[in-house]
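Below is one structure, written out as structure tokens, with a few remarks after it.
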Amino acid sequence: MSLSTQPYKGARDFYPDDKRKQKYMFGVLRTVAERFGYEEYDAPILEPLEIYVAKSGEEIVNEQTYVFEDRGGRKVVIRPEMTPTVSRMVAGKRQELAYPLRWYSIPNLWRYERPQRGRLREHWQLNVDIFGVATVHAEVEVITLVNDVFKTFGASSDMYSIHLNDRKLVNFVLRDYLGLDEPTAHAVGKLIDRMNKMDRDEFISKLDDVFSDEQKQASATEKLLSILDAKQLSDLPDTLKQGDIFADLDKTMSGLKAAGVTNFLFDPTLMRGFDYYTGIVFEVFDTDPENNRAMLGGGRYDGLVGLFGVEPVPTVGFGWGDVTLSNFLESHNLMPSLAPEANLYVALIGDVVEQAHPTIAKLRAAGLNVAVDLSGRKLGDQFKNAEKKGVNLVLVVGQSELESGSYSLKNLSTHSEDSLDLNGVIDAVKAQNG
RNA sequence: GCGGACGUAGCUCAGUUGGUAGAGCGUCGGGUUGUGGUUCCGAAUGUCGCGGGUUCAAACCCCGUCGUUCGCCCCA
């Protein structure tokens, strides 16, 4: 009976090649978030159960979290999302923080579910939140940030589309326009969420199951469909256009235009799972049919911070999973080939490890990442090894080089070879790495 | 939690109507001891995911189980 070498179900090992991709992705995410003035924070992976029970939504706590009791009898959850945590942190220093507060993090999150494409048990998620802005300038900023991330990865606008909706609109339609009670409204909301996964007849028959005879009499189904079919705000029935139900969506869209974002659209079927959203919600879809689900989503949740017993803080934020992001990058060929950490490989001739030490130390002190071949194998094998590791530049160091101070620097991809002194080697490696 | 597909060498896979396993790539060694990518020669490696069952005989059929994957639920 031997031990399995597989990682835990739904979780990934990151071998150096994988980790390199993750480092690249996170690097871009951090760069863009910080370009918008966001500060990085972090928190424990464990949280008390209560903060999820409070407002996260139902199933995620009951069935999709890792819950256990610690040795002190406390109910503990491995965080399935970051929003309650960041809300807790903001609430904890509610009075002393300077608003608007711009925070981001890339936490790992755990959900107990069946793994499938784009959904694993452990994933990392960029969380970007802006606290203290009640106007849709916050939504516009955050979505613009998302757009900049895509651009920084080299994506073009046709590769993704930004869907927008407003919970206030949804609530108005369900409660006031259709006059549904709370449980019915909730059920219809869940149905709308799944609308695109079924055909129209199926959707209508499911609606029939939910609506009362009275509601059917009032042609609730037809009314709802006419709203869900809207491609833009102007398609909506006139009776909805009174008041300022659309004001936020309207302003968000014009704000996005002003910010140079083009590929967004009004999507009345967009719901989002969590119940804590209170205003604009958005999701971004990969247009590649291979990745047919939301790759990121977020919205306004003005009530969460207040749950911790402090004055509420208006908040807009989103989460962007690393699995959906890497699927996106791979599908659109946007994942660059990434060089290994070492940018210089030293091949040794003969037993000169100790004599070569001062030379190698100088190279490292100059900022080069130097991997030394300690195998004692034939020179040809050392070249093969460098190539296999993906290190392009090899410095040959033997007795005569150490004595003369003239080294042979070999470029494995161009097959060129230069005779250089130590400073020349340093310059050449730096030039090669841009 | 529910449904489908799959599980053969390190990797990608082949294995005909059941007769105890192969290829390519990779790995290792070599083509005279200080120069690699192409080439040539040679070698190693599998309890055919695991456990039962049917059979004279199972990688192949049946059951269970674990894992992978796609979808449902839910969500990033």
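Chain A is the first sequence line, chain B the second, and so forth, proteins listed ahead of strands; every chain is numbered from 1.
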Test side chain to side chain contact (heavy atoms under 4.5 Å, CB included), reference Tyr345(A), set Asn385(A), Leu393(A), Val396(A), Leu395(A), output is Asn385(A)

Practice item. Report the C-alpha separation of Val133(A) and Thr135(A) in whole Å, then their side-chain angles, then the decisive distance to 0.1 Å, and conclude whether the side chain to side chain contact (heavy atoms under 4.5 Å, CB included) test is met. Key: CA-CA 6 Å; Val133(A) 179; Thr135(A) 64; 3.6 Å; yes

What I want to find out is whether [X] reaches [Y] closely enough, with some N-O distance under 4.0 Å, to be called a salt bridge.
X	Y	value
Arg12(A)	Asp18(A)	no
Glu39(A)	Arg102(A)	no
Glu341(A)	Arg20(A)	yes

Using a cut-off of strictly less than 4.0 Å, decide whether [X] has a side-chain nitrogen or oxygen near OP1 or OP2 of [N].
X	N	answer
Arg194(A)	rC73(B)	yes
Lys9(A)	rU68(B)	yes
Arg272(A)	rA76(B)	yes
Arg377(A)	rG29(B)	yes

Of the nucleotides [options], which has the atom closest to the [X] side chain?
X	options	answer
Ser400(A)	rG34(B), rA76(B), rU69(B)	rG34(B)
Ala294(A)	rG34(B), rG36(B), rA76(B)	rA76(B)
Arg117(A)	rU35(B), rA76(B), rC70(B)	rC70(B)
Pro115(A)	rG36(B), rU69(B), rA76(B)	rU69(B)
Gln116(A)	rG34(B), rG36(B), rC73(B)	rC73(B)
Lys190(A)	rU27(B), rC74(B), rU35(B)	rC74(B)
Gln64(A)	rC73(B), rA76(B), rG36(B)	rC73(B)

Round to a whole Å and report the spacing from [atom1] of [X] to [atom2] of [N].
X	N	atom1	atom2	result
Tyr15(A)	rC11(B)	OH	C1'	13 Å
Arg114(A)	rG3(B)	CZ	P	9 Å
Phe383(A)	rG36(B)	CZ	P	7 Å
Asn392(A)	rG37(B)	CG	P	15 Å
Met295(A)	rA76(B)	CE	P	13 Å
Arg12(A)	rU68(B)	CZ	P	13 Å
Lys389(A)	rG26(B)	NZ	C1'	16 Å
Met25(A)	rA76(B)	CE	P	18 Å

Classified by glycosidic angle (syn within 90° of 0, else anti), rG22(B) comes out anti

Look at all strands and tell whether [X] reaches a base, only sugar-phosphate, or nothing, counting heavy atoms closer than 4.0 Å.
X	answer
Asp193(A)	sugar-phosphate
Gly118(A)	base
Leu296(A)	sugar-phosphate
Gly398(A)	nothing

Ring geometry between Tyr41(A) and Trp103(A) (parallel below 30°, tilted from 30 to 60°, perpendicular above 60°) = tilted

Face-to-face stacking of His415(A) with rG37(B), centres under 5.5 angstrom, angle under 30°:
no

Between the base of [N] and the side chain of [X], is there any donor-acceptor pair under 3.5 Å?
X	N	result
Gln382(A)	rU35(B)	no
Glu401(A)	rG34(B)	yes
Ser413(A)	rG37(B)	no

Using Watson-Crick or G-U wobble geometry with both distances below 3.5 Å, tell me the partner of [N], or none.
N	answer
rG1(B)	rC72(B)
rA23(B)	rU12(B)
rC6(B)	rG67(B)
rC61(B)	rG53(B)
rU45(B)	none

Rounding to 0.5 Å, atoms CD (Glu139(A)) and CD (Glu141(A)) come to a distance of 10.5 Å

Assess the pair Phe328(A) and Phe150(A): is the distance between their ring centroids shorter than 6.0 Å? yes

On RNA chain B, more 5' by nearest nucleotide between Val396(A) and Lys378(A) is Lys378(A)

